[in-house]
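This report concerns only the one structure given below.
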Amino acid sequence: MSVAVWEVANRLGVVAGTPAELFSVLLAGPRRTVRLPLPPDHALVRALRPLGHLDLVLDEPPELPGPPPAGSVDLGDPAAVCAADPVRVTRAYEADPDPRGGLRPAWLRAGQSLLRDQDPADRALVLLAALDEGADPRTAAALTRGAAGSPWTLARSSRRPCTALTAAPDGRPVVREDRVLAVACLPDGTQAALDERGRLRLPGGRADRLADAVAATLASHPATALAAAGDSVLTGDRMGTVHAFSLTGLEQAALHSGRVTALTATAPAAATATASGAAPSPLPAALTVYSGGTDGTVRAWRPGRPPGRSALARRPCPVVALHATGPYLAVAWADGLAELRRLDTGGTAVFRPGPRIRAVAATADGTLVVGLDDTVLHLACRACRPRR
């Protein structure tokens with residue numbers, strides 16, 4: 001069953017690990033008619049039919065060939081499972097409950113990524129990121145060796161919930177575990193959060209003229225995304241418009257067709273000071289705002305200027321999260337893909353952890369932070385470091 005769920009989810013551009021999760025994701029999206037590359041008697045079709053009002057269009061023959069009949073895989077050997085046919089490995093782990101030093105639960109957790117065609121080194125990295133803290137250290141060591149050819153190094157992994165990510169003014173990643181849509185750090189380090197109703201929330205007792213004005217606006221016009229940079233607070237709405245609030249006024253741009261799902265912004269330090277070297281003053285035009293939406297585009301905009309016509313990135317699924325730092329832009333997509341983009345060179349490195357991605361952040365040294373429902377991963381990109 002897992003193989004069919006992952007394969008269908010990959011084809012449909014969503015993330016799901018069970019029939020119920022697949023149904024829930026499909027029901028939340030725009031689809032009502034879903035084409036499944038499965039025969040009518042497949043177990044996944046039988047599981048989906050009674051769950052709700054989806055029109056299932058079935059294709060024959062079945063999309064998945066059976067695993068090769070000859071040979072066997074040592075399910076306790078990290079190198080062997082990373083190089084073997086992933087369908088055969090999945091079915092073998094489903095039939096054998098032995099944890100195999102942590103390999104089995106890691107494989108079944110990250111299987112939607114592992115099922116894709118990829119090099120053994122990339123599978124080793126995905127498995128390494130999915131290992132439980134109680135896994136055999138020898139398994140982790142073997143996977144680390146196996147992942148040496150991957151573009152990434154797993155710098156750190158911690159089992160903790162994550163609903164939103166950003167970075168503090170000192171560059172330190174900020175992880176939120178409560179139920180919020182987004183979090184943004186104001187220049188003084190204060191964490192502003194967007195709650196599930198689209199309202200701005202600040203720590204108790206804090207007074208700030210700009211933040212209070214934004215909060216008052218969102219009380220009657222809820223937001224769908226939030227960011228802050230320099231002397232500005234940015235919000236997005238369900239109509240696809242991005243709003244840049246500053247003490248000098250409000251700038252707006254209609255950037256997306258459909259809801260804005262993610263925002264981030266950068267403001268060069270030099271842009272907040274006057275030419276004479278006087279005290280900093282708000283200059284919204286110095287901001288660069290990056291936005292993502294349900295329309296599957298990432299766009300760049302500088303408040304005070306007309307928005308450009310070209311998208312920075314475009315894929316056939318919604319953007320989940322964004323975060324920019326220096327030359328780096330981290331992007332997460334609804335199909336489980338995380339990207340670290342070099343804005344100065346155009347280079348991109350990608351990573352699929354398997355489970356759905358809740359948030360991403362980039363650090364100044366080229367580390368991609370990926371927040372999952374129960375894990376935060378720190379991945380160093382070997383090919384994305386700044387030039388010396």
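We number each residue from 1, following the sequence as shown.
With sequence neighbours left out, the side chain to side chain contact (heavy atoms under 4.5 Å, CB included) criterion links P355 to R109, P353, L372. Looking at residues two or more places apart in sequence or on another chain, you find no salt bridge (charged side-chain N to carboxylate O under 4.0 Å, His left out) involving R299. Residues that satisfy the salt bridge (charged side-chain N to carboxylate O under 4.0 Å, His left out) test with R199, not counting sequence neighbours, are absent from this structure. Annotation: side chain to side chain contact (heavy atoms under 4.5 Å, CB included) contacts of P307 (sequence neighbours excluded): A253, L255, W301. Evaluation of the side chain to side chain contact (heavy atoms under 4.5 Å, CB included) rule for V15 yields Q112, R356 as partners, not counting sequence neighbours. Residues passing the side chain to side chain contact (heavy atoms under 4.5 Å, CB included) test with T241, sequence neighbours excluded: D237, H243, Q252, A254.
Between C82 and L127 there is a side-chain heavy-atom pair separated by less than 4.5 Å. Between L368 and C381, the closest side-chain pair of non-hydrogen atoms is not below 4.5 Å. The shortest side-chain heavy-atom distance between V45 and P39 does not fall under the 4.5 Å cut-off. D231 places none of its side-chain heavy atoms less than 4.5 Å from the side chain of S246. Side-chain contact between V233 and L186 is present, with heavy atoms from C-beta onward closer than 4.5 Å. When side chains are defined from C-beta on, P318 does not count as touching R259, because their heavy atoms never get closer than 4.5 Å. Contact of the F245 side chain with the S232 side chain is not registered, since no non-hydrogen atoms from C-beta on lie closer than 4.5 Å. Counting heavy atoms from C-beta on, the side chains of R352 and V126 never come closer than 4.5 Å.
Remark: the backbone N or O of L125 is not paired with any side-chain donor or acceptor of S150 at under 3.5 angstrom. At least one donor-acceptor pair closer than 3.5 Å links the side chain of T224 to the backbone N or O of G236. No donor-acceptor pair closer than 3.5 Å links the side chain of R209 to the backbone N or O of L247. A donor-acceptor pair under 3.5 Å is formed between the side chain of T144 and the backbone N or O of A140. Looking at T264, its side chain does come within 3.5 Å of a backbone N or O of A324 through a donor-acceptor pair. At least one donor-acceptor pair closer than 3.5 Å links the side chain of T325 to the backbone N or O of A362. Remark: side-chain polar atoms of T367 are not paired, donor with acceptor, to backbone N or O of H378 under 3.5 angstrom.
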L131/L128 under side-chain contact (heavy atoms from CB on, under 4.5 Å): CA gap, chis, key distance, verdict: CA-CA 5 Å; L131 281 181; L128 181 63; 4.1 Å; yes
Check against side-chain contact (heavy atoms from CB on, under 4.5 Å), L377 and F351: CA-CA 11 Å; L377 305 171; F351 176 70; 4.0 Å; yes
Chi angles and distances behind the side-chain contact (heavy atoms from CB on, under 4.5 Å) call for L226, L181: CA-CA 8 Å; L226 175 72; L181 293 178; over 6 Å; no
side-chain contact (heavy atoms from CB on, under 4.5 Å) between L143 and L103, intermediate numbers included: CA-CA 10 Å; L143 289 173; L103 275 176; 4.2 Å; yes
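Hydrophobic clustering (ILVMFWY, side-chain heavy atoms < 4.5 Å, transitive): V180 and V174 are in distinct clusters. V183 is not connected to V289 by any chain of hydrophobic side-chain contacts under 4.5 Å among Ile, Leu, Val, Met, Phe, Trp and Tyr, and they are in different clusters. In terms of hydrophobic clustering, with Ile, Leu, Val, Met, Phe, Trp and Tyr side chains grouped at heavy-atom distances under 4.5 Å, V370 and V320 are assigned to different clusters. If you chain together hydrophobic residues whose side chains sit under 4.5 Å apart, L234 and M239 never meet in one group.
Residues P86 and L114 share a closest heavy-atom pair of CB-O, 3.6 Å. The shortest non-hydrogen separation linking I357 to A332 is CG2-CB, 3.7 Å. The shortest non-hydrogen separation linking A265 to A227 is N-CB, 4.4 Å. A130 approaches A110 most closely through the heavy-atom pair CB-CB, 3.9 Å. Across all non-hydrogen atoms, the minimal contact from L202 to A211 is CD1-CB, 3.5 Å. Nearest heavy-atom pair across P105 and P99 is CD-O, 3.6 Å.
Annotation for V319: hydrophobic cluster partners, listed by chain and number, are Y290, V298, L312, L322, L329, V331, W333, L337, L343, V350 (ILVMFWY side-chain heavy atoms under 4.5 Å, direct or chained). Under a 4.5 Å side-chain heavy-atom criterion applied to ILVMFWY residues, the cluster that includes V376 comprises L165, V175, V369 as well.
Within the structure, side-chain hydrogen bond (donor to acceptor under 3.5 Å, both in side chains) contacts touching residues 174-186 (residues at least two apart or in different chains) are R160-E177, R176-D178, R176-Q191, R179-E196. The salt bridge (charged side-chain N to carboxylate O under 4.0 Å, His left out) analysis of residues 136-147, with sequence neighbours excluded, yields the pairs D136-R138. Among residue pairs with one or both ends in residues 118-133, those qualifying as salt bridge (charged side-chain N to carboxylate O under 4.0 Å, His left out) are D132-R159; sequence neighbours excluded. Sorted by first and then second residue, the pairs that involve residues 309-318 and meet salt bridge (charged side-chain N to carboxylate O under 4.0 Å, His left out), not counting sequence neighbours, are R315-D335.
With rounding to the nearest 0.5 Å, the separation of CG in L75 from OH in Y93 is 5.0 Å. Taking CG from L22 and CH2 from W6, the interatomic distance works out to 13.0 Å, rounded to the nearest 0.5 Å. Separating the NE2 atom in H323 from the OG1 atom in T166 is a distance of 4.0 Å, to the nearest 0.5 Å. Interatomic distance, L340 CG to T348 OG1, rounded to the nearest 0.5 Å: 8.0 Å.
Counting heavy atoms of neighbouring residues, nucleotides and ligands inside a 6.0 Å radius, atom CZ of R238 does not exceed 12 of them. Atom CE of M1 is surrounded by more than 12 heavy atoms from other residues, nucleotides or ligands within 6.0 Å.
A salt bridge links R358 with D373: the distance from a Lys NZ or Arg NE/NH1/NH2 to an Asp or Glu carboxylate oxygen falls below 4.0 Å.
Side-chain N/O atoms of H256 and T294 include no donor and acceptor closer than 3.5 Å.
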